[in-house]
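A, B, ... follow the sequence lines: proteins, then strands. Residue 1 opens every chain.
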Amino acid sequence: MSGKDPHLSDEIIIKAIVDESDLSKEARGHFSTCHRCRDRKEIMERNLSRLTSAADELMPQPKRMVILEERDKGRIGWFSAPLAGAIIVIIALAGLSFFMPGSKSRLKGKVFTVAELTVEMEKHSLLVAEVIELEENIMPEIYSALTGNADSNQYDEFIDFVFPMGEEINGA
Amino acid sequence: MKYLVVFNNKGEKTNQDATNMTDHYDRLPFLAEEAKGGSVEAANRIVSLLHKEVFRMIYYRIFSREDAEDLTQEVFIKMFKGMGKLDDTDKIRPWLFAIALNRVRDFKRWKSIERLFGRSYDELDKLSVEDSDPGAHMERMELIKNLQQFTDRLPGSEGEVFMLRFVDQLGIAEISSTLNKNESTVKTHLYRAIKKFRDDPFIQEMMKGGKV
């Protein structure tokens, strides 16, 4: 509203479309009495609602329905049940070896000390983790990030730099 | 009588009668709570309630039915796997929409890489729903094409906010939760986008046609 024109400006009409409750008391008062301003708002809203109806009309019906199964259930973070099992077994074995300081294992003729056995077990643990990770996603992490199959944001900055696609929404 | 265990605002467990509850939006937080506990049935009910909305949201960002179906499936699987991360089950809808938008973003990024290596990017030609009035159908297609070009031209989150409001029909509060932005920021983006929509010559030309 200006001194010359008693009607609301286009900017205020748009503000009313966004949220009428954000208008000043004066503007709201004008809206309730002025048919011309209400009509201007309705015309703009009608144009916007054409988008909605065009989108409704043109949307194809999905041919496939999603059915979730037991195997789609989540895990507790990255910690999968097989990995947890493997780690527990390894820790138990390492613990047993620890309480038997004099004991030595024989494997393919080689004699392992407790320290060597612990190192081997650590290696085994890493290998098991890698196998499980590969089982779930056969692509290395960098490619997973590129295809969007990984939760990791490690390479996002670089990818955003190469292919900027706007902001990622956090928390989802 | 069937009871659902739900958590109130203070985090205390309460039992609520679920006997007469229908599968509607009001039931989503309860279903989310059950799905969080591992119920496949509850998770599938969430799917049946929100499948169409998620599919629509994805479809109007990538314009390929088959790809939208694949992404919709991925979104719901990701939802089920990540239910533990959802603190407030009241926000299951915006949370799911946020997952969908992130998957769309990843998909578009992947398509950009493919395009870089010479593979084509399927676009709007897949809008092929039959219409009783072919003329009106063509104009609607034209409007959607112009809309896509218009939102692509908008800076930052303006295009996304505009799409969420007028194509996906979300309210301000839901857009705010989906994009993890406060409501006044959403309103500012929407205000600017509507102003540009009003001034866009291609869109205005389409509006004059009047068939849409």
When the 4.5 angstrom heavy-atom criterion is applied to B/Asp70 and chain A, the contacting part is both
Bottom line for B/Leu190: the part with an atom under 4.5 Å from chain A's heavy atoms is both
Exercise for review: Go through B/Phe55 and A/Met59 one step at a time and tell me if the side-chain contact (heavy atoms from CB on, under 4.5 Å) criterion holds.
Suggested key: CA-CA 9 Å; B/Phe55 173 81; A/Met59 193 188 85; 4.2 Å; yes
Shortest non-hydrogen pair, A/Ala54 vs B/Tyr60, comes out as O-OH, 4.0 Å
With chain A, the option among B/Glu69, B/Met79, B/Arg165 that has the most non-hydrogen atom pairs under 4.5 Å is B/Glu69
Are any non-hydrogen side-chain atoms of B/Ile194 and A/Leu48 less than 4.5 angstrom apart? yes
Heavy-atom closest pair (A/Leu58 atom, B/Ile144 atom, distance to 0.1 Å) is CD1-CG1, 3.5 Å
Nearest heavy-atom approach of A/Ala55 to B/Val167 is CB-CG1, 3.9 Å
Okay, B/Phe166 and chain A: the region with an atom under 4.5 Å from a heavy atom over there is both
Applying a strict 4.5 Å limit to non-hydrogen atoms, the region of B/Arg56 in contact with chain A is both
Counting heavy-atom pairs under 4.5 Å with chain A, the top scorer among B/His51, B/Met83, B/Gln169 is B/His51
Applying a strict 4.5 Å limit to non-hydrogen atoms, the region of B/Ile77 in contact with chain A is both
All heavy atoms of B/Tyr191 vs all of A/Ile14, minimum pair found to be CD1-CG2, 3.5 Å
When the 4.5 angstrom heavy-atom criterion is applied to A/Glu11 and chain B, the contacting part is both
Should A/Asp10 and B/Lys195 count as an ion pair when the cut-off is N to O under 4.0 Å?
no
